[in-house]
Amino acid sequence: VDEAIAARQNFCPGNSVALNLDFNSAYTYNWTASPADPTLDPKDPNPKVSPELPTTYTLEVEKGACKAVFSTQVEPLPAV
């Protein structure tokens with residue numbers, strides 16, 4: 001389930017990061033962010049994000065009675 005979610009991801013300013021490239025439409029997704037990311041769609045299976053600060057995104061995946069939780073740290077690289 002969703003093994004493509006990396007523990008840590010970096011991106012350059014002006015770009016974005018796709019959080020879950022190997023999503024499965026049969027699952028239910030619920031994302032949260034810390035600190036809060038007002039642009040995050042919590043139900044999007046593969047949201048693209050570009051936080052201004054290092055942010056931890058946590059994903060709860062459900063299919064029937066099965067649940068799994070993943071998280072990834074997304075950090076913007078310094079501008080050149």
Practice problem: Please round to the nearest 0.5 Å and tell me the distance separating atom CG of Asn15 and atom CG of Asn10. | Solution: 12.0 Å

Quiz item: What residues, two or more places apart in sequence or in another chain, satisfy side-chain contact (heavy atoms from CB on, under 4.5 Å) together with Leu53?
Solution: none

Quiz prompt | Closest heavy-atom pair and its distance - Ala18, Gln9 | solution = O-OE1, 3.7 Å

Practice problem: Measure the shortest side-chain to side-chain distance between Glu52 and Pro76 over non-hydrogen atoms and say whether it is less than 4.5 angstrom. | Solution: no

Exercise. Identify the heavy atoms of Ser71 and Thr58 that sit nearest to each other, and give their distance.
Key: CB-OG1, 3.8 Å

Self-check item: Heavy-atom pair of closest approach, residues Pro47 and Pro45
Solution: CD-C, 3.6 Å

Self-check item: Residue pair Asn20 / Trp31: nearest heavy atoms and the distance that separates them
Solution: CB-CZ2, 3.9 Å

Quiz item: Which salt bridge (charged side-chain N to carboxylate O under 4.0 Å, His left out) pairs, counting each pair once, include a residue from residues 61-80, with sequence neighbours left out?
Solution: Arg8-Glu75

Quiz item: Given Thr55, which of Ser34, Pro35, Ser50 fulfils the side chain to side chain contact (heavy atoms under 4.5 Å, CB included) condition?
Solution: Pro35

Practice problem: Under the side-chain contact (heavy atoms from CB on, under 4.5 Å) rule, what do Leu59 and Thr72 come out as? Steps first, then yes or no, please. | Solution: CA-CA 9 Å; Leu59 169 61; Thr72 183; over 6 Å; no

Quiz prompt | Pair listing, salt bridge (charged side-chain N to carboxylate O under 4.0 Å, His left out) test, anchored in residues 32-46, at least two apart | solution = none

Quiz prompt | Minimum-distance pair of heavy atoms, taken over all atoms of Tyr57 and Val49 | solution = OH-CB, 3.6 Å

Exercise. Identify the heavy atoms of Pro51 and Phe11 that sit nearest to each other, and give their distance.
Key: O-CZ, 3.2 Å

